[in-house]
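The next block holds one structure in the form of structure tokens; read it before the comments.
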Amino acid sequence: MGMMRWLGCIAAAGVMMAASSASAITIGFSQVGSESDWRTAFSADMKAEAQKRGIELKFSDAQQKEENQLKAVRSFIAQKVDAIIIAPVVVTGWDQVLKEARDAKIPVFIADRAVDSDPSLFISRIAADFNLEGRLAGAWLAQASKGSCTIVELQGTVGSAPAIERKKGFEAVVSQFPNMKIVRSQSGNFTTSGGKEVMESFIKATDGLKNVCAVFAHNDNMMLGAIQAMKEAGLKPGKDQLIVSVDCVPDIFKAMVAGESNASVELKSDIGKYIFDVVQGYLGGKQDFPKWVLIPSDLHTPADAADVIKKRGGG
Ligand code: AHR
């Protein structure tokens with residue numbers, strides 16, 4: 001190869017390298033926290049998916065505090081990231097910071113939980129239908145209890161979209177049955193310890209869940225804590241009371257196999273691919289994204305628990 005051609009090749013390679021590093025994008029991701037197994041799996045999936053795609057992901061864990069999220073988003077704006085993804089703790093309080101991102105011409109994407117801001121302030125939300133999850137749980141319970149059931153409910157974080165919508169969806173179904181009734185409802189903040197604490201208080205207040213036919217929890221971790229509290233009180237969760245929750249984390253399938261949980265609605269945690277497809281598509285010039293990219297939900301019971309564990313590679 002002649003000297004000139006060789007130099008030409010090097011120059012071309014240099015241009016290609018410059019182009020590929022110039023095209024590497026930086027995305028700021030403000031995550032809710034690590035309150036549940038579902039959330040931890042979602043964070044891990046986002047990091048792995050970003051790495052696979054060569055995206056520089058600036059990850060910030062808000063520890064369930066909106067004020068930490070607002071700080072993180074402002075710091076992403078100051079760093080001039082290419083895009084911002086927010087998984088918001090609660091629905092309210094986002095207008096101002098979303099306007100700041102818009103003024104800085106940084107597109108914002110909402111992941112998982114919702115905000116109540118004007119939809120023109122973000123490009124798209126990529127998430128499941130929490131109301132449908134509540135309705136699926138309610139429909140399963142209506143069928144399992146033949147429409148006659150006294151229920152205690154463990155709510156998620158107050159003011160968060162999944163707590164609001166799962167409650168609404170569940171109640172929409174339960175209200176169709178005159179003999180189904182929620183007698184107690186309290187927040188366990190989506191944590192195992194919160195669920196345990198609230199269930200301990202329910203057990204005390206109802207003389208050991210006397211006449212309570214079912215427990216509905218807005219997530220599996222609270223339910224796992226509640227199951228623990230019920231066992232410590234000498235109850236048999238899954239038998240003395242029907243147990244239905246949301247997320248489908250590995251430990252709830254183990255509880256199903258042990259006969260201690262009866263159903264869980266799946267909230268998929270491996271959603272990084274859908275989120276980054278939307279963000280990269282937008283940054284690449286695609287404009288016509290729906291305001292809500294819907295992630296489907298389904299319901300699992302002990303009938304397929306062992307299969308799911310095997311499929312997911314668990315023991
Ligand atoms: O926003 C989704 C909910 O947040 C999950 O159901 C729960 O586990 C998490 O904390």
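Quick caveat, the model's predicted, so the values are computed rather than measured. Counting starts at 1 for both ligands and their atoms, following the listed order. Position 1 is the first residue of the sequence; numbering continues from there.
In Q51, the CD atom is not crowded: 12 or fewer heavy atoms of neighbouring residues, nucleotides or ligands sit closer than 6.0 Å. Atom NZ of K181 sits in a sparse spot, with 12 or fewer heavy atoms from other residues, nucleotides or ligands closer than 6.0 Å.
Listed by number with element, the atoms of ligand 1 under 4.0 Å from a non-hydrogen atom of L267 are 2 (C), 5 (C), 6 (O). Below 4.0 Å from some heavy atom of R166 lie the following atoms of ligand 1, by number and element: 5 (C), 6 (O). Remark: ligand 1 atoms within the under-4.0 Å shell around heavy atoms of S36 are 7 (C), 8 (O), 9 (C), 10 (O). Of all atoms in ligand 1, listed by their number and element, those nearer than 4.0 Å to a heavy atom of D112 are 1 (O), 2 (C).
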Candidate pair F170 and F216, rule ring-ring contact (aromatic ring centres under 6.0 Å, His included), full reasoning: CA-CA 9 Å; F170 186 77; F216 168 50; 3.9 Å; yes

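Closest heavy-atom contact between Q31 and S43: NE2-OG, 3.0 Å.
A144 meets the side-chain contact (heavy atoms from CB on, under 4.5 Å) test with W140, L242; sequence neighbours excluded. By the side-chain contact (heavy atoms from CB on, under 4.5 Å) test, L283 pairs with I25, D82, A83, P107, V279, sequence neighbours left out.
Here D37 has no heavy atoms under 4.0 Å from ligand 1, in either its backbone or its side chain. With a 4.0 Å heavy-atom cut-off, ligand 1 is reached by no atom of E165.
The shortest contact between atom 6 (O) of ligand 1 and any protein heavy atom is with D247 OD1, 2.6 Å. Nearest protein heavy-atom neighbour of atom 10 (O) of ligand 1: E35 OE2, 2.4 Å.
Within the structure, ligand 1 lacks V246 among the residues with a heavy atom less than 4.0 angstrom away.
Both the sub-6.0 Å distance and the 45° axial angle are satisfied by K286 relative to the ring of F289.
Ligand 1 has a nitrogen or oxygen under 3.5 angstrom from a nitrogen or oxygen of R113. Looking at H218 next to ligand 1, no N or O pair under 3.5 Å apart turns up.
Of the N and O atoms on the side chains of Q155 and S187, not one donor lies less than 3.5 Å from an acceptor on the other residue.
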